[in-house]
Amino acid sequence: MKKISPPGIFPATFRDSFRASLARSAITLFAIGAVVVTDNNKSFASASDDEKIVAALDTQYQAAVKNNDAAAMDRILADDFVLVTGRGKTQSKADLLKDARSKATIYEHQEDSNQKVRVWGDTAVVTALLWAKGIEEGKPFEYKLWFSDVYVRTATGWRYTFAQASLPLPKANAMTEQATKRSAQYCCPIVELRQYTLHPGKRDAFIDLFDRQFVESQEAVGTRVIGQFRDHDDPNRFVWLRGFRDMPSRAQALQEFYGGPVWKTHREAANAAIVDSDNVLLLRPALPTSGFPLESRERPPIGAREIPKGLLIATIYYLSAPAELGFVEFFTDTVEPIFTGAGAHVLAYFVTENSANNFPALPVREGEHVLVSFMRFDDEEAYERYLAALSRSQRWRDQGSDELTRRLKRAAEVFKLSPTPRSLLRA
């Protein structure tokens, strides 16, 4: 990534990625020639090989920045490289090399973690969390931030062409430490949002089966059944949420449940009602305290029939980049206060969990960046009053609506959900 000035650099705009052709040279000796490869490029390399090459190259670049190694930076950077900082400033390859040669910044740390590489043909994107610490012009600095780096395949190898990153993350203090402690009260570190399409007329019978057989049996193996709902606008949609302590415990819990006696006994009846069960988002809380506050809730007993009052509104915001790159901050600082001021109660919000699906027998949607929010209302009339108040809000018109639309990859999806009799999460 980057050679940057400490305190306030980076998020927001993204320039078009550059596509470069991979030059191949055919040499004929006696029959068909071999493909000549240069540098770290292999024309028939697998996507997995490309991921390893780019990951190593980006790690080399971080080390070059740390050591002010202008020669190594020059070798890795494309000539038309552009860095976009959080304040909208841009820096070129020449700018970064000049800074390195001046050695105005001495690094103690310039390392990344949580590195993830995604390859699409001749383009690769690296996302990671950067920790930088050192002294710049005699003044100490330290920050962490998320970044996205774009590499393209060229005739002379992969080259680093574009960089974009978040603002530095808030530093831990007494308030954030206390918030981390409170996060244990919220459910859950890993959450599945599951939307089922059912055969017409089968939803009530499916809910009865689910509430009787699939709640305690899942929780007995370590799953938290957070809530199950009817979709107000689609009589054939059933929506539910379940949570896990972490990804390894998710795999174990799912293996035990779907390999256990309860599911084996009732799976034919359940599957007979389901048209599609693959619409699943794997999520995690956007912030330590943005999960569901469920610690004080008690689930109604088996056989409960009373339909809870209230309405839950789930909204899926589709993003072009990970939500951590500016959208979470925009949502918490701007959007949530506007929603609250118009009468909403924001229960929780989550972002995409990018871990690989470790229970492939149950598919999840991959390759998407989302933020999913959940709001509660007393009833549908209260929700309509909220929408009317929001439409009248000057702040929403000036700061929220257009800016939110600009940040989305496509229109948000909104679901009006009514809890089933045994849903732990209620409006």
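We use all heavy atoms of the structure for the numbers below, so side chains are in, but hydrogens, waters and symmetry mates are not.
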Check step by step if side chain to side chain contact (heavy atoms under 4.5 Å, CB included) holds for F415 and F374. CA-CA 10 Å; F415 304 95; F374 296 87; over 6 Å; no
Starting at [atom1] of [X], measure out to [atom2] of [Y] and round the result to the nearest 0.5 Å.
X: E329; Y: D333; atom1: CD; atom2: CG; result: 5.0 Å
X: F206; Y: T420; atom1: CZ; atom2: OG1; result: 11.0 Å
X: D80; Y: F162; atom1: CG; atom2: CZ; result: 11.5 Å
X: H345; Y: L312; atom1: NE2; atom2: CG; result: 10.5 Å
X: L281; Y: R365; atom1: CG; atom2: CZ; result: 4.0 Å
X: I226; Y: W240; atom1: CD1; atom2: CH2; result: 10.0 Å

Minimum-distance pair of heavy atoms, taken over all atoms of [X] and [Y]:
X: D112; Y: Q115; result: OD2-NE2, 4.1 Å
X: P248; Y: N358; result: N-ND2, 4.0 Å
X: F257; Y: S217; result: CE1-OG, 3.4 Å
X: T352; Y: V370; result: OG1-N, 2.9 Å

In terms of heavy-atom contacts, does [atom1] of [X] have more than 12 from other residues, nucleotides or ligands at under 6.0 Å?
X: D79; atom1: CG; answer: no
X: K66; atom1: NZ; answer: yes
X: K416; atom1: NZ; answer: yes

Side chains of T127 and R118: closer than 4.5 Å at any heavy-atom pair? yes
Is there a side-chain contact between Y160 and L57 in this structure, where contact means two heavy atoms from C-beta onward sitting under 4.5 Å apart? no
Side-chain donor/acceptor of [X] to backbone N/O of [Y], under 3.5 Å:
X: R422; Y: P300; value: yes
X: E353; Y: V191; value: no
X: S401; Y: R397; value: no
X: R153; Y: G121; value: yes
X: S166; Y: W146; value: yes
X: R407; Y: S320; value: no
X: S373; Y: Y349; value: no
X: N357; Y: L362; value: yes

How far apart are the C-alpha atoms of R267 and Y258, what are their side-chain angles, what is the distance that settles it, and do they pass the side chain to side chain contact (heavy atoms under 4.5 Å, CB included) test? CA-CA 9 Å; R267 64 186 175 188; Y258 290 104; over 6 Å; no
Checking D58, D50, D122 against Y151 for side chain to side chain donor-acceptor pair (under 3.5 Å), the one that qualifies is D58
Do the charged groups of E136 and K139 touch, with an N to O distance under 4.0 Å? no
What I want to check is whether the side chains of W263 and Q213 have a donor and an acceptor closer together than 3.5 Å. no
Step-by-step side-chain hydrogen bond (donor to acceptor under 3.5 Å, both in side chains) determination, N236 to R203: CA-CA 6 Å; N236 301 320; R203 186 167 68 179; over 6 Å; no
Test salt bridge (charged side-chain N to carboxylate O under 4.0 Å, His left out) applied to D208 - qualifying residues, sequence neighbours left out: R212, R305
Quick one: salt bridge (charged side-chain N to carboxylate O under 4.0 Å, His left out) pairs with a partner in residues 236-265, sequence neighbours left out? E192-R242, E192-R250, D231-R237, D234-R237
